[in-house]
Amino acid sequence: MIPLARPDITDREKRAVSEVLDSGLLALGPKLKAFEQNIATYVGTKYAVACNSGTSALHMLIRALDIKDGDEVITTPFSFVASSNCMLYEGAKPVFVDIDEKTYNMDISQIEAKITDRTKAILPVHVFGQPVNMDEVRRIALKHGLAVIEDSCEAIGSEWKGRKAGSMSDAGVLAFYPNKQITTGEGGVVVTNSEDIAKLCYSLRNQGRGIDTQWLHHIRLGYNYRMSDISAALGIAQLERIEEIIARRQQVADLYIDKLKDVEGIVLPTLDENVRMSWFVFVIRFESWVDRGLVLEMLLDRGVACRPYFTAIHLQPLYTDMFGYKEGDFPVTERVAGGTLAIPFFNKITEEQIDTVVTEIKRAARYAAIADPEARFKKLWEDVG
Ligand SMILES: *Cc1c(COP(=O)(O)O)cnc(C)c1O
């Protein structure tokens, strides 16, 4: 089986972890501080607060920005569920805008129509690594007095007009699950220029302790969202290779683009000209006249791992139950989600493996396409509605 993703861990990185184990300082030690400093330097923010997952980091920011019961946050339904769940933890409501059919990012032009008295923030997600147009998001936020949280969990190292994802708003979040560009096993980080936000996050991740107070002095409701020094040591070593990793992933993406560009029925990723890409996943999209479900089955059968990516958040059972969303509420998201497929994408994938993936995709796409041109046209027409 050619896997969908695979972490890339060097011997040097294994040694770094092993050294922490030998040191006896496994938590809240020097590696955590060093990792935070290095992340802040890389992203270009004053502060970085590491924690045990990207989801925890998002949750802490919702708390730090005092977003609570009854408040609304404008975001995208085409994302990993954590970017909306973080609001539910505090009783706030994710308010969705549909996406742009080309970039798959939230459609900026629809944000203002969704702003109400209860709107507190905008939470854009840099989907698959491609940054949202942050000039526009910031302009809208400023005009309406809203906070901005950048979910950059898929976009470490990506840039919008030369600025790093996560550094263009009140605060951003990066994540380090093993399928991300770099990993700490499990892990996440809040990046921000705000001392207040950083201080609150230090406290929230560590049981609501006061900073510089006694160990058993808890001044607010906090969590155990800490990152271990074992994870941090792995993160430090991985981050040292980030540019090399981004370049390698670009190479893999270029190979896929070159080999798949003329295949009928497949839409390749579209990048905005202001974007420097750090590829998280490689996602292709099938035209509506290709049966994506059948392609998926055939690829899995031939040993090529792949996955529909994403499934729309508003149609997840939790969200239909809570908010009564139904099919048709966000048509572009649904159309895109119905056709996308993430294919094997990792640093160490070989050109031979890439060729196998491409061959199998071509075969499957041909087989799963509706052959009759008239029926195809009808399907396309229905799709456009
Ligand atoms: C990975 C990811 C997260 C965080 O996931 P964790 O598993 O909690 O680290 C959040 N948002 C998006 C869009 C992601 O892809």
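First listed ligand is number 1; within each ligand, the first listed atom is number 1.
Shown in contact with Thr55 at under 4.0 Å from a heavy atom are these atoms of ligand 1, numbered in order with element: 4 (C), 5 (O), 6 (P), 8 (O). Every atom of ligand 1 with a heavy atom of Cys153 under 4.0 Å away is listed here by number and element: 2 (C), 3 (C), 4 (C), 10 (C), 11 (N), 12 (C), 14 (C). Residue contact check: Val125 has heavy atoms under 4.0 Å from atoms 13 (C) of ligand 1. Close approach of ligand 1 to Ala175 (heavy-atom distance below 4.0 Å) involves ligand atoms 4 (C), 9 (O).
Residue contacts with ligand 1: Gly54 is placed with a nitrogen or oxygen under 3.5 Å of a nitrogen or oxygen of the ligand (distance criterion only). Distances between N or O atoms of Tyr177 and those of ligand 1 include no value under 3.5 Å. Any N or O atom pair closer than 3.5 Å counts here, and Ser83 shares no such pair with ligand 1. Taking any N or O of Ser79, backbone or side chain, none lies under 3.5 Å from an N or O belonging to ligand 1.
Judged purely by atom type and a 3.5 angstrom limit, Arg292 has no side-chain atom pairing as donor or acceptor with the backbone of Pro308.
For His126 and Phe280, the distance between ring centers is not under 6.0 angstrom. Taking the six-membered ring wherever Trp is involved, the centroid distance between the rings of Tyr325 and Tyr319 does not fall below 6.0 Å. Aromatic ring centres of Phe346 and Phe282: separated by at least 6.0 Å. Aromatic pair Phe35/Phe176: ring centres closer than 6.0 Å.
Within the 4.0 Å heavy-atom cutoff, Lys180 counts among the residues contacting ligand 1.
In this structure, atom 15 (O) of ligand 1 lies nearest to the protein heavy atom Glu154 OE2, 2.5 Å. From the protein, the heavy atom lying nearest to atom 12 (C) of ligand 1 is Asp151 OD2, 3.5 Å.
At a threshold of 4.5 Å between non-hydrogen side-chain atoms, the residues Leu200 and Met60 do not count as touching.
Within 6.0 Å of NZ on Lys199 lie no more than 12 heavy atoms contributed by other residues, nucleotides or ligands.
Residue Val17 is not grouped with residue Ile236 when hydrophobic side chains (ILVMFWY) are merged at heavy-atom distances under 4.5 angstrom, including chains of intermediate members.
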